[in-house]
Amino acid sequence: QKEVEQNSGPLSVPEGAIASLNCTYSDRVSQSFFWYRQYSGKSPELIMSIYSNGDKEDGRFTAQLNKASQYVSLLIRDSQPSDSATYLCAVNHSGGYQKVTFGTGTKLQVIP
Amino acid sequence: DVKVTQSSRYLVKRTGEKVFLECVQDMDHENMFWYRQDPGLGLRLIYFSYDVKMKEKGDIPEGYSVSREKKERFSLILESASTNQTSMYLCASSAGNSNQPQHFGDGTRLSIL
């Protein structure tokens, strides 16, 4: 079983719609969760961090965390073609030094 | 803003060469990481360091070594490059607190011929 799982996509949404990206993780005591955006040929760019259950909003982005279900999601409101990218979910393992496991990413396509 | 700088964006080397990839961060971060990223395999951790002169193996350390002589610099060394080490290499850094996110450099696309 993969430690961090994401649907590889592509997820296609029309411009202006809400894109919903999902991620599940296996380490029940993970404490820190991150979403990165990666454009083709570029490096991952941090867009959201979330540490406690519930929602965290930043502009058009909302991260949602449910530790009981071991589930974290990213919502992108009013999707734009410039949001077309691969979105990586990352989970910080409990204890020890900071080692993060990344999912393989979900490719999002926003159709004009 | 955090700045992680990798010495080369593109690099072409030959099989058997010793290859050095350099990474420098300007935020006084304790932790530094080297990943490789391949299509369909995602990001895989090669080595990481949580302090000067300290290093820990990641998930795929074979064929690689690292050096961290100064806090801001973390070098990845391919001892004898092979074609299966052709990949995108990404350096990242993070503050010592385990809740802090990693910040990535622009990456080095390495081709071994």
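Letters A, B, ... mirror the listed sequences (proteins, then strands); counts begin at 1.
The structure places CG of Leu88(A) at 6.5 Å from CD of Gln37(B), a figure rounded to the nearest 0.5 Å. Taking OG of Ser94(B) as the reference point, atom CG of Leu46(A) lies at 11.5 Å (rounded to 0.5 Å).
The nearest pair of heavy atoms linking Leu90(B) to Ser43(A) is CD2-CB, 3.5 Å. Thr104(A) and Gly40(B) get closest at one heavy-atom pair: CG2-O, 4.4 Å.
Trp34(B) and Leu45(B) are assigned to two separate hydrophobic clusters, defined by single-linkage of ILVMFWY side chains at heavy-atom distances under 4.5 Å. Note on Val66(B) and Phe33(B): separate hydrophobic clusters, where clusters join Ile, Leu, Val, Met, Phe, Trp and Tyr whose side-chain heavy atoms are under 4.5 Å apart, directly or indirectly.
When the shell of 6.0 Å around CZ of Arg9(B) is examined, it contains more than 12 heavy atoms from other residues, nucleotides or ligands. Shown here is Lys107(A), whose NZ atom has no more than 12 heavy atoms of other residues, nucleotides or ligands within 6.0 Å.
Heavy atoms of Leu41(B) lying under 4.5 Å from chain A belong exclusively to its backbone. There is no contact between Arg44(B) and chain A, counting heavy-atom distances below 4.5 Å. For chain B, the nearby part of Gln38(A) is the side chain; its heavy atoms alone come within less than 4.5 Å. At a 4.5 Å heavy-atom cutoff, the contact between Tyr36(A) and chain B is made by side-chain atoms alone. Contacts between Glu30(B) and chain A at a heavy-atom distance below 4.5 Å are absent for every atom of the residue.
You'll find the ring centres of Phe104(B) and Phe102(A) inside the 6.0 Å limit.
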